[in-house]
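In this chain, numbering begins with 1 at the start of the sequence shown.
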Amino acid sequence: QAQLVESGGGLVQAGGSLRLSCAASGRTFSTYAMGWFRQAPGKERECVAAITWRSGTTYYADSVKGRVTIARDNAKNTVYLQMDSLKPEDTAVYYCAARLVRGLVYSMYGYDYWGQGTQVTVSS
């Protein structure tokens, strides 16, 4: 079992930046990759970015490429999501997720553990 705790959400004006953190504990050695997802009201949960622990291979959704950076700190078992040039359409609850199986995927069904989520609100 792995536990994930997100932090860093909040209210920011359009064009601003936020950095989200996801601290993993428990059976973190068994996880292969981490992902950041978001879900806006009335919309499906979508993958924003993902990264593998060992090699640092990354995936980014087209909607955030060039504005978002995912990074991991293996020593701290922590994954970060740096978000710049934020837009109102980035407003959502952001979730951290852990994947056990080898392979970097962007479907929420490929992830096994989830954090509680953190709200990001971008005002225009």
Nearest-0.5 Å distance, NZ of residue Lys87 to OG of residue Ser124: 14.0 Å
Distance in Å, Met34 CE paired with Asn77 CG, rounded so as to fall on 0.5 Å steps: 9.0 Å
Non-hydrogen side-chain atoms of Thr69 and Tyr80 separated by less than 4.5 Å: no
Closest approach of Ala40 to Ala92 (non-hydrogen atoms, all atoms of both residues): N-CB, 3.8 Å
Atom pair CG/CH2 of Asp73 and Trp53 - distance to nearest 0.5 Å: 8.0 Å
Minimum heavy-atom distance Glu6-Tyr95, with the two atoms named: OE2-CA, 3.4 Å
Flag side-chain contact, heavy atom, 4.5 Å: Arg38 against Leu81: no
Any donor-acceptor N/O pair, Arg72 side chain to Ala33 backbone, under 3.5 Å: no
ILVMFWY cluster, Met108 and Val93 together (side-chain gap under 4.5 Å): yes
Electrostatic pair Lys65-Asp62, nearest N-O below 4.0 angstrom: yes
Ile70 side chain reached by Tyr59 side chain, heavy atoms, under 4.5 Å: no
Asn74 (side chain) donor-acceptor with Arg54 (main chain) under 3.5 angstrom: no
Cys47 versus Ala61, closest heavy-atom pair with distance: O-CB, 3.4 Å
Under the side chain to side chain contact (heavy atoms under 4.5 Å, CB included) test, residues paired with Thr121 that sit two or more places apart: Leu11, Thr91, Gln119
Inter-residue atom distance Leu100.CG - Asp112.CG, 0.5 Å rounding: 4.0 Å
Trp36/Met83 under side chain to side chain contact (heavy atoms under 4.5 Å, CB included): CA gap, chis, key distance, verdict: CA-CA 11 Å; Trp36 280 102; Met83 302 189 292; over 6 Å; no
Tyr106, OH atom: more than 12 neighbouring heavy atoms under 6.0 Å: no
Exam field: side chain Tyr111 to backbone Val105, donor-acceptor pair closer than 3.5 Å: yes
Residue pair Val68, Asp90: steps toward the side chain to side chain contact (heavy atoms under 4.5 Å, CB included) verdict: CA-CA 11 Å; Val68 165; Asp90 294 318; over 6 Å; no
Closest heavy-atom pair and its distance - Arg102, Arg99: O-NH2, 3.2 Å
Which atom of Tyr94 lies closest to which atom of Val48, heavy atoms considered: CE2-CG2, 4.1 Å
Geometric cation-pi criterion, Arg45 with Phe37: 6.0 Å, 45°: no
Shortest non-hydrogen separation from Ser55 to Thr52 and the atoms involved: OG-OG1, 2.9 Å
